[in-house]
Number of protein chains: 2
Amino acid sequence: MSGIAEVARLAGVSKSTASRALGGTGYVSDDTRRRVMAAASSLGYVPSTSAVSLATGRTQNIGVVMPYVNRWFFAEVLEGLQQSLLQRGLDLTLYDAKPGTDGRNRIFEDFLARKRFDGLIAVGLEPDHDEIDRLLSIGRPVVSVVGSGEETTVVEIDDDYVARRATEHLVALGHRDIAFVGGGVTTHWAQVDRRRLSGYFGAMEDAGLSNHAVHIVSEVTMPGGYAAAVDALGDVRNRPTAIVATCDEVAIGTIIAARRLGVQVPSDLSVIGIDDHEFADMFSLTTLRQSPREQGRVAVQLLLEHLDDPSRPMRVVRMPSQLIVRNSTAALDPRRSAVVIDSRVRGE
Amino acid sequence: MSGIAEVARLAGVSKSTASRALGGTGYVSDDTRRRVMAAASSLGYVPSTSAVSLATGRTQNIGVVMPYVNRWFFAEVLEGLQQSLLQRGLDLTLYDAKPGTDGRNRIFEDFLARKRFDGLIAVGLEPDHDEIDRLLSIGRPVVSVVGSGEETTVVEIDDDYVARRATEHLVALGHRDIAFVGGGVTTHWAQVDRRRLSGYFGAMEDAGLSNHAVHIVSEVTMPGGYAAAVDALGDVRNRPTAIVATCDEVAIGTIIAARRLGVQVPSDLSVIGIDDHEFADMFSLTTLRQSPREQGRVAVQLLLEHLDDPSRPMRVVRMPSQLIVRNSTAALDPRRSAVVIDSRVRGE
DNA sequence: TTGAAAGCGTTACCAA
DNA sequence: TTGGTAACGCTTTCAA
């Protein structure tokens, strides 16, 4: 009826031998191993995971905590994680920890304490102090994809650099009135947004354009970008000639808004994003590509390393990003080129 | 050090009493219960889930199998599931079973067989015969959200009706050249698409417009809808005046394509979708609303019912849908109204 | 190379 | 109402 005992009986060996034969650990003669395997497969034997966990202390399961699952970045990371874990025979249990919800509290207070997993991957969690403490006190390795401070191993892109690079691309095209559209400081995604914002400011400053820098606050979603852009582009006289969006979703929202307002992209307005979202191509969006899916895969690998050697030091892994030039950015209209030269001189 | 024994000792009772006191089952005096609870919380006691599972046969975990996680419908369902499960203290383990991948095979062959869950929720899986067999042979209750045939309890909307309703809305606005944009019969989402397509055909037939019916094949994504629409709207002479999209993502792709081609929505082209996607409002999309999130919640409830009474008969739960009129649909241009009257006469 | 037996941490039955 | 004890199904010493 139940389990390995049956297999052992059928193979004519003891439970311990059967266990060794199946588990691949310890000495078993080739012959017995074969007999045991045969018995197991003829019985369709599948070990009870709870019994295995109880005996070994390993669950073969990885917990994944993230605040959203319906946003591009998160969904992509999740797919990367799932794929990598599946490949290694590990289960994935998901905890959807939306900031400021009861659910999030319960996750941190009850669910994580159950330790139903061998390790934890936190994606864009941006936990507060208490939450970080809880995370670390579980006694299981934790790897973050973006933003859990310096307390865990983390994989991320260099947000400051990426935003800087995006801004420089626009500067190089002759733009001076370059605005940044992205999350306010209080929103979620705050850390990432703050870094990108500061990269933008840095690049503006380096180009001598500090006094042209404008932060247009927007919710970090496509509709959010749309709303913010409709508002900001409405005023024809004070309209920027170029926009750095904090991510492609916001960039696309901006482009849609521009089209609605009759503002031509890129001739009237250049827009650059960060991500290389699946819709980027459809909108000819120039962007800085990152691969969240790959970040998920790397996170799994890092976690497994911690798993088989808990003494490993924490690491920060910086993933690459790449400028993808499409058709949403263009050189500033010739009519305004005099100004451009001007600014270059100032910049030097 | 470990577990309930420690709690028992501290409370001055036996393990069994401690277990009863904590589990809420069986007789315990109020006084002992209090002492045990106090001891437990002072020790920060958390029961070992694997031990509990081993002893009870219950995992307190629900498996969720879906082919995508990065598409609106699926992500929404997932959030609904997560929220409901969390609320009841149940874990969610996710299996991402993309059609035609090795991963999917492994999930069906290895992962599901482990029975790491008390029940299974299959979302838009559209499993083939073998897969259905596997699903059912696990010996755990299964609930489907959309499309696992008649073999499991299922929650879904009436796809035929919804597409019919959408088509009728356009007919009522005087349109005759109404095309359907959606998945080819071989694509995934096949069942749902086929039902919607047939609802569309049915409505066209009822309106006496069978010979105006056109199925424009499109991948069921925003870029897919975009590509199909760019192609289909390119030919000015044979352009439909209205489009029923198989879902909002395709509808939005269509609208974006129309705008790019200078086709005005709704004056030149009416577009109706199905879903009420988070972007629908941003595109003023008329659509038939469904709530995948709610479908997720209902699925959990149905599963739990099966869990505490396995003899319960299978059920089909039809979720409501609702026409949301926005600005992507309008009465056929007056220039063509003669034709409209014509068709009405024919229709009667 | 194999087997016996002692856990792993709970629950649940049966007496007391 | 409580406690002793046998499961639950597997792994892992330790001897043989």
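A note on names: the letters A, B, ... follow the listed sequences, proteins ahead of strands, and every chain is numbered from 1.
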(request) Report, as yes or no, whether the 6.0 Å neighbourhood of atom CZ on A/R88 holds more than 12 heavy atoms from other residues, nucleotides or ligands. (result) yes

(message) Between A/D31 and A/R35 (salt bridge meaning N to carboxylate O under 4.0 Å), is one present in this structure?
(response) yes

(request) Please confirm whether the backbone N or O of A/N61 pairs with a side-chain atom of A/T59, one donor and one acceptor, at under 3.5 Å? (result) yes

(message) Salt bridge or not between A/E6 and A/R9? Use side-chain N to carboxylate O under 4.0 Å.
(response) yes

(request) Name the first nucleotide and the last nucleotide along DNA chain D (5' to 3') that come under 4.0 Å of a heavy atom in chain B. (result) D/dT1 to D/dG9

Might you list the N or O atoms of the protein lying below 3.5 Å from N or O atoms in nucleotides 9-13 of chain C, with each pair's distance?
from: C/dG9; atom 1: OP2; to: B/S2; atom 2: OG; distance (Å): 3.4
from: C/dT10; atom 1: OP1; to: B/Y45; atom 2: OH; distance (Å): 3.1
from: C/dT10; atom 1: OP1; to: B/S48; atom 2: N; distance (Å): 3.2
from: C/dT10; atom 1: OP2; to: B/I4; atom 2: N; distance (Å): 2.5
from: C/dT10; atom 1: O5'; to: B/Y45; atom 2: OH; distance (Å): 3.1
from: C/dT10; atom 1: O4; to: B/K15; atom 2: NZ; distance (Å): 3.2
from: C/dT11; atom 1: OP2; to: B/S19; atom 2: OG; distance (Å): 2.5

(request) Evaluate the criterion side chain to side chain donor-acceptor pair (under 3.5 Å) for residue pair A/D91 and B/Y95; output intermediate values, then yes/no. (result) CA-CA 8 Å; A/D91 277 330; B/Y95 301 100; 3.2 Å; yes

(request) Could you tell me whether A/D118 and A/R140 have a side-chain N and a carboxylate O separated by less than 4.0 Å? (result) no

(message) Quick one about B/S14 and B/T17 (side-chain donor to acceptor, distance below 3.5 Å, no hydrogens or angles considered), yes or no?
(response) yes

(message) Any non-hydrogen side-chain atom of A/E305 less than 4.5 Å from a side-chain atom of A/R315?
(response) yes

(message) Can you list, in residue-number order, the parts of residues 32-40 of chain B that come under 4.0 Å of DNA chain D, counting heavy atoms only?
(response) B/T32

(request) Decide yes or no for B/L125 and B/R104: does some side-chain heavy atom of the first lie under 4.5 Å from some side-chain heavy atom of the second? (result) yes

(request) Flag the pair B/E294 and B/R297 as a salt bridge only when some basic side-chain nitrogen lies within less than 4.0 angstrom of an acidic carboxylate oxygen. (result) yes

